[in-house]
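Order of the sequence lines fixes the chain letters, A, B, ..., with proteins taken first and strands second; residue numbering starts at 1 for each chain.
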There are 2 protein chains.
Amino acid sequence: MARERGGRADPARTLALLWRTGEGPTRGPKQGLTVDRVVHAAIELADADGLDALSMRAVAERLGVGTMSLYTYVPGKAELLHVMFDTVLGESALPDPTGIGWRAALEQRARSDRELARRHPWVVRLWGPGLLLMGPRLTARAEAGLRTVADLGLSDAEMAHVVDLVDGYVRGVAQVTVDVGRDTLAGGAGYDDWWAESTPYLEQLIRPTRFPTLTRVWEAGVYDQAPDAGFELGLRLVLDGIENLIRSRRSAAAPPAPQE
Amino acid sequence: MARERGGRADPARTLALLWRTGEGPTRGPKQGLTVDRVVHAAIELADADGLDALSMRAVAERLGVGTMSLYTYVPGKAELLHVMFDTVLGESALPDPTGIGWRAALEQRARSDRELARRHPWVVRLWGPGLLLMGPRLTARAEAGLRTVADLGLSDAEMAHVVDLVDGYVRGVAQVTVDVGRDTLAGGAGYDDWWAESTPYLEQLIRPTRFPTLTRVWEAGVYDQAPDAGFELGLRLVLDGIENLIRSRRSAAAPPAPQE
DNA sequence: CGAAAACTCCGTATGGCGTACCGTACGGCA
DNA sequence: TGCCGTACGGTACGCCATACGGAGTTTTCG
């Protein structure tokens, strides 16, 4: 009939895992591991060898237990990934706008996220796409983000969208920056290897006649820069856009207020 | 010694596949399929059942051939995904700024991409993260994008960053919008099912005392909206930011020039 | 105090995947 | 005509997540 409770795809069980609610068993042998040890082993493994190398076997081996023992602590791999994600989110700072203002706070938030993505390249593969479960850290992030832009004259929806915009921007840059390539790339060759080896062919295919602007920009060396060279510029533009919005909302609320 | 040429992870072979350069064999039996038929079968399959259901076996079955026959046309699954991606990119329009201006052109580009992501939810999983190979459509996109913001007084690098900013924004929204959940979600339950079933637990965990701003916004119903409700607002802010930049560059270059 | 119940650990097995290998049949070219 | 490169595809290998069930351990209850 209904799916067995306590198993996989059970919101109650998964949320209890994320929030570390739920008491352990009273009967039976002592547990040799903890959820935390499992999660941290998985995180270390993902940091070292990438998400694609993260298998239940590998995690179990690193912990010196049988593969199936992990399923005592975690309902399945999907849930493990969710907990890994929420755990590592805790490393990103949640700056308070009091004193420094909303713009500086959002900027710090963005930079902190970017460093998180550098430390743990695999998070960007879990962050953007797919369902995000509200674990304690993600919830704290959401609260802090909204608080940053509260009391600026924005509507509730606008507050949420503005924070999402900044977060999404950082995620987008991280996705092209971070060497996720290592995971995805066929053959195990590095990003630079592939790029270097394919350049001669590309230069033959991308003729200046058909792609004049692109070749001009290419030859100007723009694509030789680090792929996140535009991070600062983009962040500034995004924040400028937000500032525009805030100013317009403010001036609408308070009639006598010349701009600039 | 060196990896066998013509095999996998060979840039020459992969690029030839993307650009449809490279002549077929002269000897041997006639080929029963074409690269195009393979790619389109794979695209249909991904559209219908999601990326996770896309296996070489499934593609072969849909085409009525043995699994291994696919490897005659395509070096491996990774390369097939690259070709699928570049193929489907061709569906997105590349608006010309002449007449309508750069802002309207970028806006159309953004909207067109968003519809592409709706038609083929799986593209957002290939788009952002990982290495993007310069196939013909991606190249055309880059050219068109740069052309849109050429001659506005921006530097070459700024042109590239500005286009990337808009593209990245759309990708970010698409990633949270699109029902990628179907692929990733454990247990096969729908997004709404999961959300509905987990809400009571969430409301117990996310106490108003600890997360006052979040609960206020939550209770205002902001998160009941479609997840891409902020698309229009965010796009406007991003374009505003770009407009700021362009204006500042213009006024710096040409001293006596009233706008409009 | 003994037995049942609840629990951990994990060996084994199932069904998926990508793809290497190789035998067979084909067909253009010498 | 015969050669040899090629297409096709069966089989097999080594991964993966994980279902199932047995053996051993601890708590609880009769």
Quiz prompt | Pair listing, salt bridge (Lys or Arg N to Asp or Glu O under 4.0 Å) test, anchored in residues 14-32 of chain B, at least two apart | solution = B:Arg20-B:Asp36

Quiz prompt | Base versus backbone protein contacts along nucleotides 20-30 of chain D [heavy-atom cut-off under 4.0 Å; B, S, -] | solution = B---BBBBS--

Quiz item: Which whole-number value in Å describes the distance from A:Tyr73 OH to D:dT18 P?
Solution: 18 Å

Quiz item: Nearest-Å distance, CD (B:Gln31) to C1' (D:dG9)?
Solution: 15 Å

Self-check item: Euclidean distance, B:Met134 CE relative to B:Thr139 OG1, rounded to 0.5 Å
Solution: 4.0 Å

Quiz item: Does the distance from a Lys or Arg side-chain N to an Asp or Glu carboxylate O, for B:Asp49 and B:Arg62, drop under 4.0 Å?
Solution: no

Name the pairs: protein N/O against N/O of nucleotides 13-17 of chain D, kept only if under 3.5 Å.
{"from": "D:dC16", "atom 1": "OP1", "to": "A:Ser55", "atom 2": "OG", "distance (Å)": "3.2"}
{"from": "D:dC16", "atom 1": "OP2", "to": "A:Arg57", "atom 2": "NE", "distance (Å)": "3.4"}
{"from": "D:dA17", "atom 1": "OP1", "to": "A:Met56", "atom 2": "N", "distance (Å)": "3.2"}
{"from": "D:dA17", "atom 1": "OP1", "to": "A:Lys77", "atom 2": "NZ", "distance (Å)": "3.1"}
{"from": "D:dA17", "atom 1": "OP2", "to": "A:Met56", "atom 2": "N", "distance (Å)": "3.1"}
{"from": "D:dA17", "atom 1": "N7", "to": "A:Arg57", "atom 2": "NH1", "distance (Å)": "3.2"}

Self-check item: Spatial distance of atom CZ (A:Phe85) from atom CG (A:Leu18) [nearest 0.5 Å]
Solution: 10.5 Å

Self-check item: B:Gln204, CD: over 12 other non-hydrogen atoms inside 6.0 angstrom
Solution: no

Quiz item: Counting only heavy atoms not in A:Glu61, do more than 12 sit closer than 6.0 Å to its CD atom?
Solution: no

Exercise. In plain terms, say whether A:Arg119 and A:Asp47 are close enough for a salt bridge, that is, a side-chain N and a carboxylate O under 4.0 Å apart.
Key: no

Quiz item: Salt bridge or not for A:Arg141 and A:Asp113, using N-O below 4.0 Å?
Solution: yes

Quiz item: Once you round it to whole Å, what is the distance between C1' of C:dC10 and CG of A:Leu63?
Solution: 15 Å

Self-check item: End-to-end axis angle, where each axis spans five pairs of the helix from C:dC1-D:dG30 to C:dA30-D:dT1, to 10°
Solution: 20°

Practice problem: Identify, with sequence neighbours excluded, every residue that meets ring pair (Phe, Tyr, Trp, His ring centres under 6.0 Å) alongside B:Phe211. | Solution: none

Exercise. Nearest whole angstrom, please: distance from the P of C:dG18 to the CG of B:Asp52.
Key: 11 Å

Quiz prompt | Any pair counted as salt bridge (Lys or Arg N to Asp or Glu O under 4.0 Å), so long as it reaches residues 63-76 of chain A, sequence neighbours left out | solution = none

